Amino acid sequence: MFKSNSRILKFPRKLNFRYRNVQSACFVRKVPNFVQEKFNLNRVLNALSKSGRIYEARQLFDEMPERDEFSWNTMVAAYANSGRLAEARKLFGQVPVKSSITWNSLISGCCQCGLKIEAFELFWEMQFQGRKPNQYTMGSLLRLCSLLTMLRRGQQIHGYAVKTQFDLNVYVVTGLVDMYAKCMCILEAEYLFNMMPERKNHVMWSAMVAGYSQNGNGYKAIECFQDMRTEGVECNQFTFPSVLTACAAVAADSFGVQVHGCIVRSGFEANVYVKSALVDMYAKCSDLNSAWMVLENMEVDDVVSWNSMIVGCVRQGCEEEALAVFQKMHQRDMKLDEFTYPSVLNCFASMKDMRNARSIHCLIIKTGFEDYKLVNNALVDMYAKQGSSDCATQVFNHMPEKDVVTWTSLVTGYACNGSYEEALKLFCGMRTAGIYPDHVIVASILSACAELTVWEFGQQVHANFIKSGLQSSLSVDNSLLSMYAKCGCIEHARQVFDSMQVRNVITWTALIVGYAQNGKGRDSIQIYDEMIAGGTKPDYVTFIGLLFACSHAGLSESGCSYFESMDKVYGIKPGPEHYACMIDLLGRSGRLAEAEKLLNQMVLQPDAAIWKSFLAACRVHGNLELAVRAAKNLFELEPMNAVPYILLSNMYSAANKWEDVAKIRRLMKSRGISKEPGCSWMETNSTVHTFMSEDRSHLKAAEIYAKIDEIIPLIKEAGYVPDISFALHDTDEKGKELSLAYHSEKLALAFALLTVPPGAPIRIFKNLRKENVHAETIGRNVFNYYISYLVFLRRMKQRWLPIKLLHFLFFFLQQHLKHWEAERRKGVHIYGLVGREYFAYCGVEGQCVQNSNCKGRTSLAAPSAIR
DNA sequence: ATAGGGTTAG
């Protein structure tokens with residue numbers, strides 16, 4: 001169809017009127033007087049080919065008495081653009097004089113059909129024949145590269161463009177920007193875009209907005225869009241979908257609404273891409289009503305928009321509505337596509353409806369969608385999340401081609417089910433398979449690292465992510481923050497937090513929990529106050545962190561008021577975790593009676609964690625009677641958990657009730673419960689050195705024991721009194737003291753001081769999980785005394801020292817060493833981490849000591865498996 | 001007569 005563009009206006013008014021459309025052009029063909037003119041015939045040929053009437057075009061072409069270059073080129077282009085490449089090639093061979101345009105027309109056709117070998121062969125042949133490729137050639141080839149994500153080929157074209165001085169041509173650069181963006185090289189795309197000196201046109205701007213958006217860089221996409229408007233470049237139906245996707249990705253709902261306004265003013269609202277992007281944006285920004293409104297106003301049933309609607313409903317937790325949307329699609333007899341099934345599978349997965357999920361799997365097979373990667377990815381995800389790792393792996397193994405999403409689905413599935421080690425191994429497998437990670441899998445892996453406290457691994461993933469040039473996302477930053485906090489690197493966690501431009505409740509909570517776990521309860525509370533002041537509402541998890549912080553900072557009054565505010569101010573009903581924290585808090589501050597009262601007041605049934613807190617509180621206050629009650633409950637709730645048996649047994653032994661100790665031990669024996677022997681290990685030069693209590697099997701045992709013997713008197717001098725009250729064995733005092741001195745952790749530390757070079761961090765791992773910190777709080781651990789002593793020595797030499805210590809040191813110091821309290825007031829930080837793992841850093845001899853408690857000795861934590 | 005940008009899944 002002729003468009004009234006400038007080129008046509010150049011023709012005589014009469015002709016222009018005559019050939020305005022194909023109908024009149026065809027009519028003209030039948031009038032012999034007109035046909036004589038070659039010029040006019042070419043116009044007709046062009047009109048036919050443009051309207052896709054190839055057969056008629058060929059007829060005219062064959063009938064033409066005289067064919068010039070224009071006629072031949074038009075016919076080749078007509079075949080090439082309609083995908084009839086065999087015919088195009090055949091005709092191409094017959095073209096008497098092949099110009100650049102002839103070559104470009106054929107190359108363009110090959111590129112559109114994704115025929116990479118043919119396209120590049122023609123590209124070389126063209127040069128061989130003495131025709132110079134131009135911006136048209138490169139534009140087509142770059143399009144092909146971006147279509148098939150062929151980075152190397154694209155880079156070759158880039159090199160060629162530089163060599164032939166086409167590297168500032170707006171068409172070529174737009175192609176390059178798009179190609180690099182599609183190949184995930186957003187930095188290269190950005191560089192080329194910024195290096196473009198001339199005024200950039202709207203296509204280039206749109207390509208850049210799309211590039212940012214497709215690379216998961218929503219904020220930059222929005223920024224770029226704003227710059228585009230500031231520059232006065234007009235947006236069109238290509239620009240809006242990209243920026244709307246960006247809004248959806250970063251949940252910038254208010255900006256999305258503004259973009260909607262722009263769209264309405266610009267008149268591009270009718271475009272189906274724009275509309276479906278609008279539906280998606282509203283659905284993802286949890287404005288289902290607006291999404292519905294756009295969807296209902298659509299003239300055609302667009303499956304993309306409907307799919308988006310299902311996803312939006314599921315994300316909002318409205319699974320029923322999502323299914324209703326799916327049913328409506330059926331009623332309207334819409335053709336489902338490979339995006340519909342993932343959405344519906346996701347819906348059933350979040351409803352935990354395995355039966356229906358399986359029937360969708362059947363439907364997928366029935367309708368012939370089982371070969372679609374997208375659909376299989378969703379199946380892997382669904383089965384993995386349901387805990388059916390076997391089914392997930394089965395689908396996974398049957399897939400001929402796997403992408404990041406496939407691997408992510410399986411990895412996330414394993415991580416959700418607590419198989420963190422398996423998740424990390426899969427991640428390594430993915431890297432071996434040559435798949436590059438993206439921000440979704442990175443976030444997932446960092447969370448797994450946090451759970452395993454494999455700091456080295458996490459840091460490597462972080463470094464790799466920085467190197468990849470991918471922009472961070474909120475979820476990556478959140479999991480990074482958590483990972484560092486959980487691994488005891490609270491400064492790094494803080495750094496991540498400070499660098500974040502956007503934060504949500506998860507971010508704030510992660511930092512609150514992080515500070516709390518690292519023994520900086522007061523900082524937790526400060527962060528909480530900042531969060532409230534900033535207008536972010538706390539959630540269930542925030543309060544766990546906050547109450548935990550209060551209990552460990554000894555702020556029982558604040559804790560109680562926060563606990564009250566939970567339901568009263570924010571409408572969050574306290575759960576078992578909150579009660580456990582509160583009982584811990586009351587127990588620590590010597591309010592055992594109140595703890596007992598709270599326990600009795602509870603509406604919900606106390607769980608094991610609550611009883612553990614209570615038992616720990618009883619132990620600290622030496623209340624054997626209540627301890628027995630707590631322990632009995634624990635024996636019922638967790639009969640195979642050794643910890644309560646040990647705690648109670650320790651209390652009996654402290655009270656010199658050796659008969660009861662024996663009774664507990666008999667009970668343990670009869671139930672087949674044994675305490676896992678404690679061991680500590682550390683790594684130097686890729687070798688793991690493991691130590692058990694009083695272990696002399698190490699090659700350097702003599703030196704290690706000598707080092708400890710050197711340390712013990714120094715610690716005693718600093719005020720250390722071995723706390724032997726909880727020793728298990730009914731041995732003499734000296735024996736108990738010795739068993740403490742050669743505790744596995746201290747052996748590891750002594751070894752580390754002998755071998756690790758000054759300035760390098762020392763990391764000690766332990767296998768035993770601290771079920772409750774309170775139980776370990778006071779006294780006992782010589783290791784901490786040792787650190788405190790060294791810190792003390794260090795203080796003498798240096799004015800300022802950043803010291804982080806195990807939090808229970810703080811309690812100890814308060815009770816036993818008054819001058820330490822003074823030190824603390826002077827700003828020396830003494831804190832640590834509690835829970836499953838804890839670290840202590842200190843500036844000991846210029847070294848940083850980190851002490852980590854792992855959940856069992858994992859092969860990943862053991863460096864032999866890492867290397 | 002030949003070239004460049006867009007929506008849905010983890």
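All heavy atoms count here, side chains included; hydrogens, waters and symmetry mates do not. Computed from a predicted model, the values in this text were never measured in an experiment. Residue numbering restarts at 1 for every chain, and letters A, B, ... go by the order of the sequence lines.
Which of B:dG4, B:dT2, B:dT8 sits closest to the side chain of A:N104 comes down to B:dT2. Counting only heavy atoms from C-beta on, A:N201 has its side chain closest to B:dG4 among B:dG5, B:dG4, B:dG10. Of the candidates B:dG5, B:dG4, B:dG6, B:dG6 carries the atom nearest the A:P241 side chain, counting heavy atoms from C-beta on. Nearest nucleotide to the A:R315 side chain, out of B:dT8, B:dG5, B:dA9: B:dA9. Side chain of A:S105, nearest nucleotide from B:dA1, B:dA9, B:dT2: B:dT2.
Proximity of A:S140 to the phosphate of B:dA3: no side-chain N or O atom is located under 4.0 Å from OP1 or OP2. Close to B:dT2, at under 4.0 Å from its OP1 or OP2, lies no side-chain N or O of A:R131. Taking only side-chain nitrogens and oxygens, A:K98 never comes nearer than 4.0 Å to OP1 or OP2 of B:dA1. Residue A:Q237 places none of its side-chain N or O atoms closer than 4.0 Å to OP1 or OP2 of B:dT7. Listed pair A:R67 / B:dA1 fails the phosphate criterion, with no side-chain N or O lying under 4.0 Å from OP1 or OP2. Not one side-chain nitrogen or oxygen of A:N377 sits closer than 4.0 Å to the OP1 or OP2 atom of B:dA9. Proximity of A:Q135 to the phosphate of B:dT2: no side-chain N or O atom is located under 4.0 Å from OP1 or OP2. Checking the phosphate oxygens (OP1, OP2) of B:dG5, no side-chain nitrogen or oxygen of A:Q214 falls inside 4.0 Å. Contact between the side-chain N/O atoms of A:K50 and the OP1/OP2 oxygens of B:dT2 is found at a separation under 4.0 Å.
Regarding A:D280, its CG atom lies at a distance of 5 Å from the P atom of B:dT8, rounded to whole Å. What separates CG of A:D167 from P of B:dG4 is a distance of 20 Å, to the nearest Å. Rounded to whole Å, atom P of B:dG10 lies 12 Å from atom CG of A:D438.
Aromatic ring centroids of A:Y282 and A:H260 lie under 6.0 Å apart.
Every residue meeting the salt bridge (charged side-chain N to carboxylate O under 4.0 Å, His left out) condition with A:R58, not counting sequence neighbours, appears here in chain and number order: A:D62. Evaluation of the salt bridge (charged side-chain N to carboxylate O under 4.0 Å, His left out) rule for A:D178 yields A:K182 as partners, not counting sequence neighbours. Residues passing the side-chain contact (heavy atoms from CB on, under 4.5 Å) test with A:D302, sequence neighbours excluded: A:V272, A:S276, A:M298, A:V304, A:S305. Remark: A:D371 engages no residue in a salt bridge (charged side-chain N to carboxylate O under 4.0 Å, His left out) (not counting sequence neighbours). Checked against ring pair (Phe, Tyr, Trp, His ring centres under 6.0 Å), A:Y171 has no partners two or more places apart in sequence or in another chain. For A:K385, the side-chain contact (heavy atoms from CB on, under 4.5 Å) criterion is met by A:D381, not counting sequence neighbours.
The ring-ring contact (aromatic ring centres under 6.0 Å, His included) test with A:F92 is passed by exactly one of A:W103, A:Y79, A:W72: A:W103.
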Result block: side-chain N/O donor-acceptor pairs under 3.5 angstrom for residues 391-399 of chain A, not counting sequence neighbours:
from	atom 1	to	atom 2	distance (Å)
A:T393	OG1	A:S389	O	2.5
A:N397	ND2	A:T393	O	3.3
A:H398	ND1	A:Q394	O	2.9

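Between A:W124 and A:F120, the two ring planes are tilted [angle within 30° to 60°].
Of the residues in residues 173-184 of chain A, those with a non-hydrogen atom less than 4.0 angstrom from any atom of DNA chain B are A:T174, A:D178, A:K182. Shown for residues 344-351 of chain A: residues whose heavy atoms fall under 4.0 angstrom of DNA chain B, namely A:N346.
B:dT7 has no base stacking with the ring of A:Y273 when judged by centroids under 5.5 angstrom apart and an interplanar angle below 30°.
Contacts of A:A378 with the nucleic acid, taken as non-hydrogen atoms under 4.0 Å apart, are absent.
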